[in-house]
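What follows is a set of notes on a single structure, which appears directly below.
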Amino acid sequence: MSLDIWVVGNGAREQAIKSACEKSALSDKVHLIEDLTPYLDCNYNVDIEKLPEIPDLVIFGPEQPICDGMVDKFENAGIKCIGINQAFSRLESSKLFAKSFIVNNGIKCAKLLPIESNEFPQVLKFDGLCKGKGVKVVYNNEEKNAFARKFTGMRYFIEEYLEGDEISVMSYLYDGRLINFRPARDFKRLSADKNSPNTGGMGAYTPVTLSSEQQVKLDIYLKRLESALLNAEAEFRGFIYSGLIWAKNDWYVLEYNVRLGDPECQAILTNLKNDFLDILINGTEPEYKDGVGACLTIAAEGYPDTPIKGDEIILPEDSRVVVYNAGVIEKDGKLYSNGGRVLSICTNSENPFPILKNYAEKIQMKHKYYRKDIDI
Ligand code: AMP
Ligand code: GLY
């Protein structure tokens with residue numbers, strides 16, 4: 001097979017997916033497509049005439065085009081896609097839809113509290129795509145009201161606060177079964193301070209060591225998720241991300257995303273031994289290298305609210321480290337920072353974070369910021 005593949009999106013996750021597809025024996029050309037609008041007609045349907053060539057497969061990276069129904073539109077135009085359809089994308093775009101899917105299928109999640117509850121800490125969750133900013137753990141009414149005011153006009157709910165270790169599990173729905181990747185751990189907070197802002201992720205690694213009870217219960221959860229999707233007649237090939245917390249001796253779902261996590265995807269693909277496209281197209285099971293796949297996010301100072309942009313970036317040489325660009329632009333052969341999350345640096349090793357932190361230290365970029373505390 002020599003497939004012409006489009007990867008939709010423009011972050012480090014999509015760069016990593018593109019690179020994994022390029023390594024595959026099944027691909028011929030792999031294009032990164034940042035913006036689909038040039039290929040749509042005035043009704044936002046795919047206009048085949050506008051495509052420079054017809055891809056054999058379109059792999060969707062971020063949630064926005066998936067939640068906008070682009071998978072359905074490309075499929076309707078006869079083009080095969082990897083991505084969840086619009087009906088099921090509500091698992092990410094509506095936390096209330098996700099809550100009822102979870103509860104109706106006997107899956108565990110944090111219990112809902114009345115809006116006026118004074119049981120603190122508690123968690124406020126806004127219903128909609130908020131890029132990780134619509135959730136906050138609050139400790140008193142003042143914090144609760146201040147956060148609620150930020151999202152005036154949006155629906156929200158309150159749930160009990162659960163305490164425990166979190167993991168991210170990426171699954172791929174392939175023709176009636178779930179193919180599950182090994183759990184990853186994502187460092188979501190901006191710093192080691194548990195009250196620091198939530199970010200998309202400052203680093204990740206996989207696999208995560210689980211106790212035998214945790215592994216048994218994870219397998220039970222994943223079977224339940226598979227049955228829930230099949231009972232609901234999910235018919236797509238796409239990724240589903242379970243954000244799980246170990247609390248009260250079981251896995252509780254904190255969130256679903258309808259895509260691979262960023263930076264979890266980079267850690268998983270760094271650790272993956274077999275052909276990623278073969279998994280996607282032929283449904284083979286993932287196999288892994290020895291050691292740990294890890295990724296460290298190089299952000300810009302001021303991230304997540306007001307990142308400083310425009311710094312020249314000079315990267316050191318280190319054959320052990322792979323660098324994926326996120327918020328980077330190239331001008332006259334030089335690289336400049338152009339976003340909050342600037343680079344994803346990845347390696348696979350028995351002890352990956354010292355290698356990544358050493359590399360991060362040597363990157364020249366005036367306003368770089370990364371977490372020095374994270375480790376496996
Ligand atoms: P979410 O986008 O729902 O995953 O929430 C983002 C982060 O907020 C999670 O990774 C948790 O660290 C935290 N969080 C969300 N819901 C809860 C909860 N019920 N209890 C404790 N922490 C939570
Ligand atoms: N790393 C968290 C996410 O992708 O949502």
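Order of appearance sets the numbers: ligands from 1, and atoms from 1 within every ligand. Just so you know, these numbers come straight off a predicted model, no measurement behind them.
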Checking heavy atoms under 4.0 Å, the part of Lys125 that sits near ligand 1 is side chain

Does Leu254 approach ligand 1 within less than 4.0 angstrom via side chain, backbone, both or neither, non-hydrogen atoms only? both

Measure from the ring center of Tyr156 to the ring center of Phe151 and say whether it is less than 6.0 Å. no

Is the distance from the ring center of Trp6 to that of Phe60 below 6.0 Å? no

Would one find an N or O of Val137, backbone or side chain, under 3.5 Å from an N or O of ligand 1? no

Going by the order shown, which atoms of ligand 2 are within less than 4.0 Å of some heavy atom of Asn257? 5 (O)

Quick one: which ligand 2 atoms are inside 4.0 Å of a heavy atom on Arg259? 3 (C), 4 (O), 5 (O)

Check if Arg13 has a non-hydrogen atom at a distance under 4.0 Å from any atom of ligand 2. no

Return yes when Gly261 approaches ligand 2 closer than 4.0 angstrom through a heavy atom, no otherwise. yes

If you take the nearest heavy atom of each of [options], which one is closest to [atom]?
atom                    : options                : answer
atom 1 (P) of ligand 1  : Glu255, Glu163, Lys188 : Glu255
atom 6 (C) of ligand 1  : Asn198, Asp186, Leu162 : Asn198
atom 10 (O) of ligand 1 : Lys194, Arg189, Glu166 : Glu166

Electrostatic pair [X]-[Y], nearest N-O below 4.0 angstrom:
X      : Y      : value
Glu143 : Lys136 : no
Lys366 : Asp311 : no
Glu22  : Lys18  : yes
Asp318 : Arg320 : yes

Find all atoms of ligand 1 within a distance of less than 4.0 Å from any non-hydrogen atom belonging to Val123, and give their numbers and elements. 16 (N), 17 (C), 18 (C), 19 (N), 20 (N)

Numbered in order shown, the ligand 1 atoms found under 4.0 Å of a heavy atom of Lys95 are 2 (O), 3 (O)

State whether a side-chain donor-acceptor pair under 3.5 Å links Glu14 with Asn10. no

If you measure every N or O of Lys188 against every N or O of ligand 2, does any of those distances drop under 3.5 Å? no

Kindly indicate whether a cation-pi arrangement holds for Arg182 with Tyr288, taking the cut-offs as under 6.0 Å to the six-membered ring centre and within 45° of the axis. yes

Taking side chain as C-beta onward, heavy atoms only, is Asn195 less than 4.5 Å from Tyr139? yes

